[in-house]
Amino acid sequence: MYNIMSPKAEEFISHEEILSSLAYAEANKSNRPLIDEILAKARKRQGLSHREAAVLLDCDLEDKNQEIYALAEQIKKDFYGNRIVMFAPLYLSNYCINGCEYCPYHAKNKHIARKKLTQEEIVKEVTALQDMGHKRLALEAGEDPVHNPIEYILECIRTIYGIKHKNGAIRRVNVNIAATTIENYRKLKEAGIGTYILFQETYNKESYEALHPTGSKHDYAYHTEAMDRAMDGGIDDVGLGVLFGLNNYRYDFSGILMHAEHLEAYKGVGPHTISVPRLRRADDIDPDVFDNGISDEIFAKIVACIRIAVPYTGMIVSTRESQACREKVLHLGISQISGGSRTSVGGYVEPEPEEDNSAQFDVSDTRTLDEVVEWLMEMGYVPSFCTACYREGRTGDRFMSLLKSGQIVNCCHPNALMTLKEYLEDYASPQTKSVGDALIEKELDVITNPKVRQKVEDYLQNIHQGQRDFRF
């Protein structure tokens, strides 16, 4: 029943095809000639099939594993350079009607304090985020048609885009809300969102239905086909993700790559991002059942193999992961990270007390945004607060064509340096500013076009003098 061009979830994510792929990978995990052949194909930077990538994930030849890691790092550098895009989640409401077994928002949880931000509270939260230096947000909300209808989400987006505080502004709002209708996706598009994000949790239909026993999220097909509807509603950029630790990681690794292949084939453009969250402890969730079921080593290899399989796709890791883990996977393919995150409703204005049980999951990396920015720069990365592509219409297949041709670097690197300069001027500590100014001076040498470099230098000087929001 496997059909990459089918609109039906159980056909473009075929259970039988995944099982066959996993068996093939297991049988060939030590097949040196085949692994060499797959790596040779991967070096062409055109990606791999889910079956080929599964072989690399299972590979137990240490020298070949080192080649996999080295290739993932090089592919990441080729397409995304040393830029790391910064964002923060904003939790609007934890009201939810679903019965998800792994999430503290589940409807039967009586311990959690239910909260929903008013528009006035959103102004305060966003102002706090602007004072940190953030320019890009990912909105999060539980599924509840009474408390969190699409009209509420749209009102929140309008409010956020309207907040101007000192030199701060949220220039791009991404949205992570429950699967919805084509009509509602059109409304989100008209509201000016960036990427629509929806985690599959697991692609195993039987496990999915068991983990979501009640609520509208129980409908596997409706949830899995959401990205097709989002694109039908005009949303160019969509973000996939699975929650590693819920189900067999090899199964979900294959499933998410099959989903990416389906979008590329059926809709003409693959996912803009792939997120790789791991399950974390949370209120009213049995830690013996759900407790981060994959090791750091396996997690790193998953990141590397996804980067090789879908070289053009952005990859996201959140503060669920520790500093040490994030540092490792940054080298292997991650292009976006959060910083200074709060996972409770209202957590940016009111510090989260230890006894607060309203967070969706435990945060492992608790550093401030400024500490994360300095850490990235000390490692030679350029923290980017850029949102130019969205506002210049470089989305969907237009973004991907520029990325695949290598031309996106002529936009992205200058924009990254200019938005970093804004951060350094407006929000950075003296130490971070010192490190950042030196990094910018060094990174100007990456711009080989003399006219572009001169323009960037002029813009950087204008930013120093108080002007804002230049972009290529």
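- Between Met227 and Leu263 the shortest side-chain heavy-atom distance falls below 4.5 Å.
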- Query: When you look at Val382 and Ile84, which way does the side-chain contact (heavy atoms from CB on, under 4.5 Å) test go after all the steps?
  - Reply: CA-CA 6 Å; Val382 177; Ile84 302 294; over 6 Å; no
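- Within the model, atoms NZ of Lys455 and CG of Asn449 stand 10.5 Å from one another, a figure rounded to the nearest 0.5 Å.
- Under the 3.5 Å distance criterion, with hydrogens and angles disregarded, a donor-acceptor pair is assigned to the side chains of His331 and Tyr381.
- Scored by the side-chain hydrogen bond (donor to acceptor under 3.5 Å, both in side chains) test, Thr180 finds Asn184 as partners (sequence neighbours excluded).
- Defined by atom type and a distance below 3.5 Å, a donor-acceptor pair is present between the side-chain atoms of Lys301 and Asn65.
- Between His223 and Tyr208, the ring centre distance stays below 6.0 Å.
- Counting only distance, with no hydrogens or angles, the side chain of His106 and the backbone of Asn109 share a donor-acceptor pair below 3.5 Å.
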- Query: Hey, mind stepping through Glu120 and Lys124 against salt bridge (charged side-chain N to carboxylate O under 4.0 Å, His left out) and telling me if it holds?
  - Reply: CA-CA 7 Å; Glu120 292 74 20; Lys124 294 177 182 178; over 6 Å; no
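- Using a 4.0 Å cut-off between charged nitrogen and carboxylate oxygen, Asp458 and Arg453 do not count as a salt-bridge pair.
- Take Phe385 and apply the ring pair (Phe, Tyr, Trp, His ring centres under 6.0 Å) test, not counting sequence neighbours, and it matches Tyr423.
- Annotation: ring pair (Phe, Tyr, Trp, His ring centres under 6.0 Å) contacts of Tyr249 (sequence neighbours excluded): none.
- In this pair, His262 and His259 present their aromatic rings tilted. The plane angle is within the 30 to 60° band.
- Val126 and Ile160 make their closest contact through CG2-CG1, 3.8 Å (heavy atoms, listed as atom of the first residue, atom of the second, distance).
- Atom CD of Glu327 is surrounded by more than 12 heavy atoms from other residues, nucleotides or ligands within 6.0 Å.
- For the pair Thr366/Thr319, no side-chain contact is recorded, criterion being any heavy-atom separation below 4.5 Å from C-beta on.
- Between Asp469 and Arg471 there is a salt bridge, since a side-chain N of the basic residue sits under 4.0 Å from a carboxylate O of the acidic one.
- Scanning both residues, Thr195 and Gly239, for their nearest heavy atoms gives CG2-N, 3.6 Å.
- Other residues, nucleotides and ligands contribute over 12 non-hydrogen atoms within 6.0 Å of the NZ atom of Lys116.
- Residue Met258 holds its CE atom at 10.0 Å from OG of Ser49, rounded to the nearest 0.5 Å.
- A donor atom on one side chain and an acceptor atom on the other are found under 3.5 Å apart for Asp252 and Thr202.
- Residue pairs meeting the ring-ring contact (aromatic ring centres under 6.0 Å, His included) criterion with at least one member in residues 428-454, sequence neighbours excluded, do not occur.
- Between the side chains of Arg307 and Tyr80, no donor-acceptor pair of N or O atoms lies under 3.5 Å.
- With a 6.0 Å cutoff to the six-membered ring centre and a 45° limit on the axis angle, Lys115 does not count as a cation-pi contact of Tyr91.
- Checked against Asn94 for a side chain to side chain contact (heavy atoms under 4.5 Å, CB included), the options Thr343, Asn148, Val345 give a single hit: Val345.
- Between the CG atom of Leu129 and the CG atom of Leu369 there is a distance of 9.5 Å, given to the nearest 0.5 Å.
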- Message: Apply side-chain contact (heavy atoms from CB on, under 4.5 Å) to residues Cys96 and Asp144 and explain how you reach the verdict.
- Response: CA-CA 5 Å; Cys96 193; Asp144 188 319; 5.6 Å; no
- Kindly determine whether Asn167 and Gln130 satisfy side-chain hydrogen bond (donor to acceptor under 3.5 Å, both in side chains), including the steps that lead there. CA-CA 8 Å; Asn167 283 333; Gln130 289 179 357; over 6 Å; no
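- Side chain of Asp237 to main chain of Gly396: a donor-acceptor pair is present (N/O by atom type, distance under 3.5 Å, no hydrogens or angles).
- Listed here is the closest heavy atom pair of Val452 and Pro414: CG1-CG, 4.2 Å.
- At most 12 non-hydrogen atoms from other residues, nucleotides or ligands lie less than 6.0 angstrom from NZ of Lys442.
- Under a cutoff of 6.0 Å and an axis angle of 45°, Arg229 and Tyr185 do not form a cation-pi pair.
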- Query: Can you list the steps and then say if Glu425 with Lys166 is a salt bridge (charged side-chain N to carboxylate O under 4.0 Å, His left out)?
  - Reply: CA-CA 12 Å; Glu425 293 289 330; Lys166 298 180 180 177; over 6 Å; no
- Task: I would like to know whether Thr419 and Glu422 meet side-chain hydrogen bond (donor to acceptor under 3.5 Å, both in side chains); could you show each step before the answer?
- Result: CA-CA 5 Å; Thr419 56; Glu422 289 183 343; 6.0 Å; no
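- When the salt bridge (charged side-chain N to carboxylate O under 4.0 Å, His left out) test is applied to Asp131, no partner is found at least two apart in sequence or on another chain.
- If you take CE on Met86 and CD on Gln336, they are separated by 10.0 Å, rounding to the nearest 0.5 Å.
- The minimum heavy-atom distance linking Ser341 with Tyr348 is given by the pair CA-OH, 3.6 Å.
- Ring geometry, His147 versus Tyr95: the interplanar angle falls under 30°, so the pair is classed parallel (tilted spans 30 to 60°).
- When ring centroids are compared, Tyr459 and His464 stay outside the 6.0 Å threshold.
- Note that CD1 of Ile68 is 5.0 Å distant from SG of Cys305, once rounded to the nearest 0.5 Å.
- The distance from the NZ atom of Lys421 to the CG atom of Leu460 is 7.0 Å, given to the nearest 0.5 Å.
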- Go through the steps to decide whether Arg186 and Asp232 satisfy the test salt bridge (charged side-chain N to carboxylate O under 4.0 Å, His left out), and finish with yes or no. CA-CA 8 Å; Arg186 286 199 184 101; Asp232 289 341; over 6 Å; no
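- Side-chain N/O atoms of Asp365 and Ser322 include no donor and acceptor closer than 3.5 Å.
- A salt bridge is absent between Arg342 and Glu125: the closest approach of a Lys/Arg side-chain nitrogen to an acidic carboxylate oxygen does not fall below 4.0 angstrom.
- Taking the charged nitrogens against the carboxylate oxygens, Arg45 and Asp78 do have a contact shorter than 4.0 Å, which makes a salt bridge.
- Look at Lys433 and Glu374 and you find no salt bridge, because none of the NZ, NE, NH1 or NH2 atoms lies under 4.0 Å from a carboxylate O.
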- Message: One pair to check against side-chain hydrogen bond (donor to acceptor under 3.5 Å, both in side chains): Glu321 and Ser364. What are the steps and the verdict?
- Response: CA-CA 5 Å; Glu321 303 300 336; Ser364 296; over 6 Å; no
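- A donor-acceptor contact under 3.5 angstrom links the side chains of Gln200 and Thr224, judged on distance only.
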- Task: With side-chain contact (heavy atoms from CB on, under 4.5 Å) as the test, would you mind laying out the steps for Glu143 and Tyr105 before giving the verdict?
- Result: CA-CA 9 Å; Glu143 183 173 9; Tyr105 288 7; over 6 Å; no
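- Applying the ring pair (Phe, Tyr, Trp, His ring centres under 6.0 Å) criterion to Tyr312, with sequence neighbours excluded, gives Phe79.
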